[in-house]
Every structure is written in C-alpha cells, then in structure tokens.
Colleague: 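I have a structure I would like to understand better, so I am pasting it below and will then ask my questions one at a time.
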There are 2 protein chains.
Amino acid sequence: MRLTTKGRYAVTAMLDLVLHSQNTPVTLTEIATRQTISLSYLEQLFSRLRKADLVKGVRGPGGGYRLRQTPDLISIASIIEAVNEPIDSTKCGGEENCQHDSVCLTHDLWAGLSDHIQDYLSKITLADLIAQRDDRRNTTKCSEAIVKFDKPLKYG
Amino acid sequence: MRLTTKGRYAVTAMLDLVLHSQNTPVTLTEIATRQTISLSYLEQLFSRLRKADLVKGVRGPGGGYRLRQTPDLISIASIIEAVNEPIDSTKCGGEENCQHDSVCLTHDLWAGLSDHIQDYLSKITLADLIAQRDDRRNTTKCSEAIVKFDKPLKYG
DNA sequence: CGATAATTGACTATTTTAGTTGGTTAAGTA
DNA sequence: TACTTAACCAACTAAAATAGTCAATTATCG
C-alpha cells in the first residue's frame, strides 16, 4: 500500500462529503471549493471511488455524490486503495532465480510493512475521524458551524 | 513519512552493502550491477545517506562505501528518512483559521499514521533483516553464496 | 604519474500527480 | 419541449517526483 498525496486528497474529499451530507447529495463543485482541490481532479478520484462502490453518483440538478454505506463501514484503507493503482509486488514473488538477496529481503520488508499499514488503516473509519473531530471541538476555540445529523441520512 | 520506491531503493542498496561488506568498502558500481539500480541514481541516494551519517565514503582505489555504525544500530526508518525530502505537514498546523474541517482531520490522520509507520520502521534494523534472511536460508532451496562474517567488520 | 572511485552539478527522460478543456449523458425544472 | 444542472468521460497539458545520463573534480592508492 502506497502512501502518497493522492490518497490523502481522496480521504479529505470523502471526509468533506460525510461532514456536509444532509439528505441531499454533495456536488463535487462544493467539495472542490471547500477543500481547494480542482474539480477535474476530484472527478478522476471519484470515478475510482465510484467504481470501488464507495460512493454513488446522482445526476442532474440536485445531484451529486452520496456514500454507499454508513461512515462507520468505510475504512480509510478502502479509500486509499480505491484511488491507487494496484501495487506490483510480484517482482521476485516465487521465481526460481530468487536468491534471497537484498532485493528479496526488501520485498519481504515492504510486503510486511504494507500489511501493517493496511491493517492499521482498515481499522479506522470515516466515522472514527468524525468522532475524533467532535471530541476536539469541545476543547478548542474553533467556531465551525456544527453539522448536525438530526435526520437519518440516506446512503446507497 | 512517505513511502515510495525511492526509500525502497535506498533500503535495498543498504542491505546489499551490509551483505557484501567484508573488511573492504563496497563500491557503488558493485551494488549497481547486483541490484540493477543505475549508478548515478545510487550516487544521488548515497549522497544523502552520507549526509545523514549512515555511510562513509572512501575515495580512491579500493574505496567505496562503508556503514557508519553496526547494522543493528541502523533502522529502516533512518534510511528512508535520509533519502526523502522532509514532509511539509504544516499546512494547517496551528493557524487561527483552523476550523477542524476535513483538511485538518485528514492532517491529524496523516500525522498519526506517519508516527505509526515511523515507530514501526524505527524498530527494524538492517541486522534484523539479515537475521530474517538467515532463518529462511535453512528452509528454502535457494543456493545463494553465503556471506560469512568470520572477521569483525570495520565501521565508521 | 596514472588508475580508481567518491563527489558534485547540470542536464535529460520517464512516470505520477494535478489540472484543463470540451464534450456527452441523465435527470430535474420551468 | 427547452433549459439547466451535474455526473461522466476522454484527450490533453502542466508540474512535480523519480530515475537516469553526462561531464568534471577531488582524494587516494599503487
């Protein structure tokens, strides 16, 4: 699992989507202006997020994007995986010329690390991040408009 | 802490350096041919590794590179940090316009993740990887020439 | 002195990331 | 039906990071 700014953009956008989800879908234009990410780049990212079944696009006026599941079911790992190309860790996978040299050793290390991060991020969901935010709001001076979830949100 | 192929190259090269360290320094040309990394790219990487005091260059015939410390004192984290640009995680650090929005939340997440990986990789040393390799050699069919450390190696 | 190999810097190529442009398609609204 | 909205799509450009090339300098060994 690679960690680049691309995944970070995707997580930011998804978080924005959740935080501003009322019963109506959230448009990419809104997210773009709020998070200062270019609309077209968001389109690329959401194309992948949609294909990974994390979000659902709703066309036409009043349209936008909506989560497919509740935020507690969407892990950070799944978001990052969705936007990144699958990694090619099969360089010396099971080949017969494998000599357990430094290439192989590094491969093992990276695979282990990847698993580790994967494990870590798969246990953190969008809901966790929001809960963390709510915890903080009490102790900080930040005066952000509170997004209330007084009505049950639509998903899928 | 970013995880890219650059750090992976650096770790691979450092591992190769350790595995082929007799009492004489190891040249970049050797590492380049063994690991199929371009010499000039290795030069760039080792320039940084040297500035981070992980290796020491020895000029002239019979020269090459040598570890500064014993392999059990060189963590994977230190290698990756050495070759990567310091990350600019100060986008919304302590600014007054911080609203704990999704940008901030993602920042917190990333910072936490970075710490986590840092912690994980700082506990793995080059010596650990070699030990892992030695464990494996007994159970595999690989017939790599064994690098014996029958003489104490020079460092620094 | 001559060969070796690090050291340095400028420069090029490739890939990834990010953004732009210009459409089409679906759905809601007047 | 016409118009607007906003997803969806594809080709293209720009910027950045990664990877590699080339040429020169410097230290050291024989």
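Chain letters run A, B, ... following the sequence lines, proteins first, then strands; residues in each count from 1. We use all heavy atoms of the structure for the numbers below, so side chains are in, but hydrogens, waters and symmetry mates are not.
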Colleague: Check every atom of C:dA18, D:dA27, D:dA19 against the side chain of A:Y9 and return the nucleotide holding the closest atom.
Modeller: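 Shortest atom-to-atom distance from the side chain points to C:dA18.
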Colleague: Verify, without hydrogens or angle tests, whether A:T36 (side chain) and A:T33 (backbone) share a donor-acceptor contact under 3.5 angstrom.
Modeller: no
Colleague: If I take atom CG in residue B:L3 and atom P in nucleotide C:dT16, what distance separates them, rounded to the nearest angstrom?
Modeller: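 Between P of C:dT16 and CG of B:L3: 17 Å.
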Colleague: Whole angstrom is fine here: how far is it from CZ in A:R8 over to C1' in C:dT16?
Modeller: 17 Å
Colleague: Looking only at the side chain of A:E43 (C-beta and beyond, no hydrogens), which of the listed nucleotides D:dC8, C:dG19, D:dT28 gets closest?
Modeller: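 Of all the options, the side chain of A:E43 is nearest to D:dC8.
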Colleague: Which residues pass the salt bridge (charged side-chain N to carboxylate O under 4.0 Å, His left out) test with B:E43, sequence neighbours left out?
Modeller: none
Colleague: Return the nearest nucleotide to the side chain of A:R59; candidates are D:dT26, D:dC29, C:dA27.
Modeller: C:dA27
Colleague: For B:T27 and for A:T4, find the nucleotide of DNA chain C with the closest heavy atom, then tell me which residue's nucleotide is more 5'.
Modeller: B:T27
Colleague: Rounded to whole angstroms, how far apart are CZ on A:R66 and P on C:dA27?
Modeller: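 Whole-Å distance recorded here is 14 Å.
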Colleague: Side-chain contact, heavy-atom cut-off 4.5 Å: A:L67 with A:M14?
Modeller: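 Result yes, sub-4.5 Å side-chain heavy-atom pair found.
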Colleague: To the nearest Å, how far apart are B:K56 NZ and D:dT28 P?
Modeller: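 For the pair B:K56 NZ and D:dT28 P, the rounded distance is 10 Å.
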Colleague: Any idea which of D:dG20, C:dA6, C:dT17 is nearest the A:R2 side chain?
Modeller: C:dT17
Colleague: Parallel under 30°, tilted from 30 to 60°, perpendicular over 60°: which one fits the rings of A:Y120 and B:H116?
Modeller: parallel
Colleague: Would a distance-only check, ignoring hydrogens and angles, find a side-chain to backbone donor-acceptor pair under 3.5 Å from A:T125 to A:D128?
Modeller: yes
Colleague: In whole angstrom, give the distance that lies between atom CD of A:E30 and atom C1' of D:dA6.
Modeller: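 In whole Å, D:dA6 C1' and A:E30 CD are 11 Å from each other.
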Colleague: With nearest nucleotides of DNA chain D determined for A:Q44 and A:G64 from heavy-atom distances, which residue corresponds to the more 5′ nucleotide?
Modeller: A:G64
Colleague: If you assign B:G60 and A:G7 each to the DNA chain C nucleotide with the nearest heavy atom, which residue ends up on the more 5' nucleotide?
Modeller: B:G60
Colleague: Considering only C:dA6, D:dG20, C:dA27, which nucleotide approaches the side chain of A:P61 most closely?
Modeller: C:dA27
Colleague: Is any side-chain nitrogen or oxygen of A:R50 closer than 4.0 Å to OP1 or OP2 of D:dC9?
Modeller: yes
Colleague: Check this one for me: any side-chain N or O of B:T5 less than 4.0 Å away from OP1 or OP2 of D:dA19?
Modeller: yes
Colleague: What's A:Y65 touching, base or sugar-phosphate or nothing? Going by heavy atoms closer than 4.0 Å.
Modeller: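 If one applies the 4.0 Å heavy-atom cut-off, A:Y65 turns out to touch the sugar-phosphate alone, with no base involved.
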Colleague: Can you check the A:L49 CG to D:dC9 P distance for me, whole Å?
Modeller: 14 Å
Colleague: May I have the distance from A:L28 (atom CG) to D:dA7 (atom P), rounded to whole angstrom?
Modeller: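 To the nearest whole Å, that distance equals 4 Å.
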Colleague: For D:dT18, take OP1 and OP2 only and decide whether either is under 4.0 Å from a side-chain N or O of B:R48.
Modeller: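 So the side chain of B:R48 is outside the cut-off, no N or O lying under 4.0 Å from OP1 or OP2 of D:dT18.
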Colleague: Less than 4.5 Å apart, side chain to side chain, heavy atoms only: is that true for A:L42 and A:Q35?
Modeller: no
Colleague: Using a heavy-atom cut-off of 4.0 Å across all strands, would you classify B:L39 as base, sugar-phosphate, or nothing?
Modeller: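 Nothing: the residue B:L39, judged by heavy atoms under 4.0 Å, touches no strand.
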Colleague: In this structure, how many angstroms lie between the P atom of D:dA19 and the CD1 atom of B:I37, rounded?
Modeller: 9 Å
